[in-house]
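Chain letters run A, B, ... following the sequence lines, proteins first, then strands; residues in each count from 1. No experiment lies behind these values; they were computed from the predicted model shown.
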Amino acid sequence: MSESVAELNPNGAATQPLGAYSRPKGGGGWRDWVTTVDHKKIGILYGATALFFFVVGGFEALLIRLQLATPNGTVVGADLYNQIYTMHGITMVFMVIMPLAAAFANYLLPLQIGARDVAFPRFNALSFWIFLAGGLFLNFSWLVGDAPDGGWFAYSPNTGVTFSPGHGMDFYAIGLQIVGIASLISAMNLIITVLNMRAPGMTLFKMPVFTWMILVVQFLLLFAVPVITVALFLLVFDRNFGSHFFNPEMGADPLLWQHLFWIFGHPEVYILILPSFGIVSEVIPTFSRKPIFGYEFMVFSGIAIGFMGWGVWAHHMFVSGIGPISVGAFTLSTMFIAVPTGVKILNWMATMWGGKLRFNSAMLFATGVVSMFTVGGLSGVTHALSPVDTQQTDTYYIVAHFHYVIFGGALLGFFAGFYFWWPKVFGHKLGETLGKWNFWTMLVGFNLAFGPMHILGLNGMSRRIDTYSPGFGFDFWNLFATIGVFVVTLGVMFFVINVILSARRARGLPPEPPDPWDARSLEWFSPNPTPVHNFDEVIEVSSLDEFWHRKWTTDEDGRVVRKATAAEVCQAGDAEGVHLPSPSYWPVVLAAGLPLIGLGLLYNLWICVPGTLLVLVSTYAWVFEPPDDPDGPFGHGHDEGDDGSHDEDVPGDGSPAGQEAGSVE
Amino acid sequence: MSSEAHAVHDTTTGISNNKLLMWAFLGSECLLFGGLISAYLVNRSRFHTGPAPGDIFDIPFTSVSSFVLLMSSLTMVLALSAIQRGDVRNNRIWLLATALLGSLFIGGQVYEFTTFLREGLGYTTSPFSSAFFTLTGFHGVHVSVGIVMLMSLVISSYRGTLTKKNSETVEIVGLYWHFVDVVWIFIFTVIYLVPSPTS
Amino acid sequence: MGGLLRFIRRAGSPAALLGTFLGLVGCASDAELDTLTPLGPYARSIDALSDPVFMVAGVVFVIIFGGTGYLWWRFRDDHSDEEYPEQIHGNFRLEILWTLVPTVILVVIGVFTIATLADLNSSEDNAMALSVDGESTSWEPEVVVIGQQWWWEYRYYFDGLDGVDLSDPRHLPPADIVTANQLVIPTGEEVELKITSRDVIHSYWIPALNGKRDAVPRRVTDWKIAADEPGVYFGQCSEFCGLSHSRMQMQAVALSPTDFQAWVDQQLEPVAEPTDPAAVAGMAIFETQCARCHVVDGVNGPHDDKPSKGADLIANAAPDLTHLMSRTTYAGGIFNLYEPDGSLDRTQLEAWLRNSPAEKPAVAEDRRGMPAMGLSEIEIDNVVAYLQTLGASPSIEIIAATEVE
Amino acid sequence: MSTEAAATNTDHEHPTDAKYVQIAILLAVITAAEVSTYFVDIGPVLIPALMVMMVVKFFYVAAWFMHLRFDSVLFTRFFVTGLILATAVYCIVLTVFEFWTGG
Ligand code: HEA
Ligand code: HEA
Ligand code: CUA
Ligand SMILES: [Cu+2]
C-alpha cells in the first residue's frame, strides 16, 4: 500500500484496499502515483488536486467576502483585492470544476463503457501532469507577489503591458495556455476512448447519460480550447514581443479579444455544467429505482446544448457596442438555450415521478442541482434579454447567476457524484449522517451567500469593486452574504470530516459488497473498489442499463422481479495477468518542462533551456519507450479466464498501439 | 515507432485509434487557424503608418512557393502509396522529396520575411504586420514540425524499422502534412490573392 | 410605500424569493443605484420589459420548486411495501409538450425584447433652443463622454458633432464646455451620448436613466439617456478598468431647461483673474505645477492663445478645472466638494492635494491617476484659495441631492 | 463528399499513383488560374471565382490525398465539424466587425 494513498485518505491505513489499488503490485510508494498510467489513479489524482485547489479558491472567496462584509472594508487593499478575485475565478473554473469533471470522467468513463483503460493511457497521465504544472505555475504568481489582476476574462487593453506592466497577466496567459494543452489532450483521448473502446454490444445509444455528457464536453473542449489558445498566444505576443493585436493606439480593436475569449468562454460554461448533468442523470434514476425518463431526449438535449452553446457568445458583450443587430441576434439565440435545458430539468422530475425515492446524500445533492440550477438558469434567461442585461451586466446579479449555475449546478452535482461513487472508488461508503449535514449546510449556506447577491445586483452593486460606500443600500445584504459563506465553509468542513471518519470506520472491514445502491450501469459489474484491471471478462452489452437488467426482470403482470442478486451478477475481480499498459516516467517529466519554459519567458530566457530540454528529452524517450514493459508487473501476460481468446478482444485493453500517435506528433 | 500496431479490429468502430486521434486534432486545428486568420482579416487594413498589405505582397514569388508546397502533397501521397505496397526504397525517396519541398517552402518564407523587414514591415510595425507574421509564422512552424516528423520517418526507414506493417504512421504524418497544405491553400487565396487594402 | 412595491417586484426574481422569507430588511429606500426604480423613459422601457420577465421566471421557479418538493414528499420510499416501481422509459408526447411550452413562452418574450431593443436604439430629432454666448441656436442634446483611469470627462459641442473628429480621443478639438464626473443634462430631452475612452474599457451607467454602455478606446458608441425630473442621478463605472475601478463613479444632474440654460451661461463665462493674495499665489503654483496636466481656460486652455499640450498622463488628459466649483463632486465622483450646508469641504480637498494616491489608489508612477504633488501646507492653502475662484457654486438643492446617506 | 462514401475499414482500394499525379496536375492548373487573376482583371467575379477555385483545391486534397473519399465517414465528420464550426463562428465574428461592408 502506497504512502500517497494514505495521504489522500489519511486514516485509510494499509489494511484497507483503496481506490485503484486493490491488488498489491510491484514497486509501491509514491512512484506508483507519479508514473501511473491507470485511468483510475489518474482520476483520483485529478480529484484530489481539484479539492486542494477548491480550498485555495475557497480561501480566496473568503477573503473577498470578508473585504466586502462591511462598507469601506480594509481587509485587503484595492490592488490585492483585484488579484484575489481574479485568481478566485481562474482557480475555481480551471482548477476546480474542470479537473473535477476530469476526475469523474477519467475514473468512470472507461468503466461505464466496459473498457480496460482509455485509448492513450500515457497521454492521459500527461494531461494530468500538465494540468498540475499549469495550476502550480499560476499560483506561483502569489509567491512572487504578482498575481493576475485583470479579471478572469482579462479584457484588453487593460491587460496589455501599458496598463498591466507587472508579470501578473503573463502568468495568466501562459498558465492558462498550459492548462489548455492538458484539456486538449484529454479531450482527444476521451473522445477516442468512447468511440473506440466500448464493450461489444454497447452502441452509442446504450451508453449511460453520464458518458454521453462527457463525450459532448470533450467535443466542446476539442473545438473551444484552440480558440482561447489563439487569444492567449496573441496576448503573450502583445505583452512580450511587442505585437499590436489589442493595442488601440496602433489602431487595433480591443473587441477582438472579447470575441475570442467568449467564443471559448461560453462553450466553457457548458463544459462546466454538462458533467454534472451527467452525474445527476445517473444518480436520480438509481435512487428513484426507475430508468432515466426519456433517455434519447436527455442525450439529444445535451448535444443540442453543446451545439447551441456555440452561437451565443456575444451575450457577454451586449453593452460592448457591437451594434443592435448583432445584439438582437445573440439575444434570440441565447434565450432558446433554455429549451433543451428545461427538457433536462423536467425529465429529471419525471424520472422521480412514480419512483421510490431514497434520500441518500447523493440523491439529496442531485435534487439540489435540479432546483438550484433552475434558479441560476432563470436569472440567465433574464440577462439573455439584452435590454434588461444593460442594467444587469457587471453587477452582482451576474455574480449571483453564475454562482447559482456553477455552485448550485456543477459543484453540487460533483458532490452527488462523490457520495454515489465513493464506494466504487475507495471501497467504503461515506457516512450518511454527516453526508446529510454536509448537504443541508451547503445548500442553506449557499443560498444565504448567493441569494442576496441578486438583490445587491438589482440594487446596483457593481462587481469587481474592492469596496463600496455606505448609503447605497448595500451594507445589509453584503454582511448577510458573508455570513452565508461561513455556513458554506462549515458544509465543506463536514465533507472533509466525513471523508476522514468514513475511512477510519472502514479500516479493517472488508470492502463494500457489490452494488451498494442497486445501480444500473456497467461500472458496478466490478467489485468495490475497482480492481486494477477493471473487469475480469468482457461484458456483452445488450441494453441500456445492462447491469440493472441482469438483476431484474418483469414478470407476466409487468411487475419488476429479481432474477439475480448483485453478487451473482458482479465479477469477482480476481482475474490475473491481465494485459495492462505499463507505467512511465515521461509524462511527468515532460509536464515539468512546460512551467519552466513559461518562467523563462517571464524572467530569463535561460530558464527556458532546461524546460525545453526536459520536453525534448522526454518526448524522445516517450517515442522509443515500449508502451508495454515486458518485465514490468503490468506487462504481458494472458488472461487465464475460461475463454483464453479474450485477451485479444478485450476492448480497451489499454491498446498500446495507441501510443504510437505520440511518436508521430 | 516501435510498438506492434494492434490489429485494427480491436476497436469498436474498426478504426485505428491513432488515425482518429490525428483527425480529431485536425478538427481542432481548424479552429486554431480560423482564429488566426480572423485576427489577420480584422487587422489587415490597420497598418498604421507602416506598409499596407497591398503594397508589399509579392504575388508571383508567393505563387511559386505555394506551388512548391502543393506539390509536396503529391510526393507525400506517393510516399504513402509506396510504403503501402511495401516499397521501402521509393517510400524513403518520396519522404525525402516531401521534406525537401517543405524546406524549400520554409526557405521561401524566410526570404519573404526578410524582404518585408527590409521594406519596413517589422513584427511590431502595425496590427496588420503583427497579424500577418503571426499567422504565416504559425503556419511555418507547422510546416517545420512536419519536416521534423518526415525526417524521423526517413531515419527510421534507414534503420529498417519503417515497413509496410507500420504504413499507418506514414499515413498519419501524411494527414498532418496535407492539412498544413490545405491551410496554405486557404491562406494563399484569402490573404494573398484576394485584393488587399493599399495605403 | 414605494419601497414595499419595489420589494414585491424584486421578489418576482426567482432567487430573491429565497431572500423573502429571510426578512423584510434591506428594501432599498436609499439605493441610489437601484435598477428597478426607473426615472426616465429608457430606464422605464427596460423596466417594463424586465417586470413581466421576472414574473415568468418566478412562475417557472415556483413550478420547479413546488414540483420538486411535491415529488420529494409524494414519492419518497416510506417502506410501506416492497413493490418495485414501474419502469417508465419516457413519454414522447409529454416531452414534446415541455419542449414546446418553453419555446412558445420564449417566442413571446423574444418579440417584446426585440421591440424594446429597437426602441432603445432608435433616436429622434429633438432640437432644443439654447442661447450660446448670446446667440440663440438649436441644439440636439448630445454629449461626448470619455472614460479614462479613473474619471469621466464630458464635452459639449453646441454646433453639433458633424465634422468633429472623435477618432482620436486624446486629441479632441476644443469644445464649448468641458467638464468632469458630473454630467449636466436638460430634463425631458433625449440626450445622446457619444461614449469613448482614452485608455482601457470603461462602462457608463446611470441606472435610473438607462442601462450601461461600454467606453471602448478607438470606438465611439452611441447611447442615450433622459430624465423626467430635475435631480441628481448616480452612476458607477461598471467595466473593470484597473486599480481604482470601484472609485470611478459619476453623477448626472438633470436641470429644467431654464436652469440648464443658466448652467450653460455660467460655464461659458470666462474665469475671473484672482485678486485675493492667497489665490494669486495659488495660481502661480497652479501654473507651474498643475497646468502641465489640468486645463483652466485662460491659464493654458483654449480661451488662451496657448494650445493645450495635453497632460503628462497616459490618458493625455486630467479633469478640466475651469469651472471646478460648479460641480459638487470630484475625483471620479467619490468625494463631495461641499458640505451639506453649502460650504467647501476643505479637509477633503486639502487631503486630495496633499497626497491624492492615499485618498484614491492610483498608479502614479505609471502616469495613471494624479500623483502626490508634494506641496507644503501653505502652498495647499493657496492652491485651495485659487481653486475656489474657479467657477460659481451650484444651488444648495443640488448640493443636498448629491449627499449620500 | 462522394456518394458511395466508403467502407469503414482501412482495407480499401487505394487510387493508383497515376491518379494522384492527375490530381496534382489538376491542382496545379487551378493554382495557375488563381494566380492569373492577379495579372488579368476579371472584374466583380474575382472574389467568387477565387473562392470557388480555393474550395475545389481544398476539396481535392482532402478527398484524395487525405483519403476522406475512401476512409471512414467518421474522419470526414470530425474534420467537417471543425471546418463548419470554424467557418460559421469566425464569419459571424467578421460580420460583427463589419468586415464585409466596412472593408
Ligand atoms: C455552469 C455555468 C453556466 C451555465 C450552465 C449558464 C447558463 C446560462 N447562462 Fe450564464 N454565465 C456563466 C455560467 C453559466 N451560465 C458565467 C460564469 C457567467 C459570467 C461570466 C463573467 O462575466 O464572469 C455567465 C454570464 C451569462 C450572461 C452574461 C451576463 C453579463 O455579463 O451581462 C448571460 C446573458 O445572456 C448568461 C445567460 C445564460 C443562459 C441563458 C443560460 C442557460 O443555459 C440557462 C438555461 C436554464 C434554464 C432556463 C432553467 C431550466 C429551464 C426550465 C425549467 C424551462 C422553462 C424556462 C423558461 C421558459 C424560461 N450567462
Ligand atoms: C467556478 C466556480 C466558482 C465557485 C465554486 C465559486 C465559489 C465562491 N465564490 Fe466565486 N467566482 C467565480 C467562480 C466560482 N466561485 C468566478 C468565475 C468569478 C468571477 C471572477 C471575475 O470577476 O473575474 C467569481 C467571483 C466571485 C465574487 C465576485 C468578486 C467581485 O466581482 O469583486 C464573489 C463575491 O462574493 C465570489 C464569492 C464566492 C464564494 C463566497 C464562493 C464559495 O462558494 C466558496 C466556498 C468554498 C469554501 C469556503 C472553501 C472551503 C474552505 C475550507 C474548508 C478551508 C478554509 C480554509 C481556510 C480558512 C484557511 N466569487
Ligand atoms: Cu472605469 Cu471601471
Ligand atoms: Cu455565456
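For A:I292, the part lying under 4.5 angstrom from a heavy atom of chain C is the backbone only. Within the 4.5 angstrom heavy-atom criterion, only backbone atoms of A:A252 (N, CA, C, O) approach chain C. For C:P361, the part lying under 4.5 angstrom from a heavy atom of chain A is the side chain only. Contacts of A:R562 with chain C are absent, with no heavy-atom separation under 4.5 Å from either backbone or side chain.
Here the side chains of A:L332 and C:I114 are in contact, with some heavy-atom distance below 4.5 Å. Between C:T35 and A:Q392 the shortest side-chain heavy-atom distance does not fall below 4.5 Å. Using a 4.5 Å heavy-atom threshold, the side chains of C:K212 and A:T395 count as touching. No side-chain heavy atom of A:F287 sits less than 4.5 Å from a side-chain heavy atom of C:D77.
Checked by atom type, the side-chain pair C:Q87/A:W548 shows no donor-acceptor distance below 3.5 Å. A donor and an acceptor atom, one from each side chain of A:Y155 and C:D214, are nowhere located under 3.5 Å apart. There is a side-chain donor-acceptor pair under 3.5 Å between C:W98 and A:N347.
Only one option out of C:R170, C:R198, C:R218 pairs with A:E249 in a salt bridge (Lys or Arg N to Asp or Glu O under 4.0 Å); it is C:R170.
Taking the six-membered ring wherever Trp is involved, the centroid distance between the rings of C:F240 and A:Y85 falls below 6.0 Å.
By the 4.0 Å N-to-carboxylate-O rule, A:D253 lies close enough to C:R219 to be salt-bridged with it.
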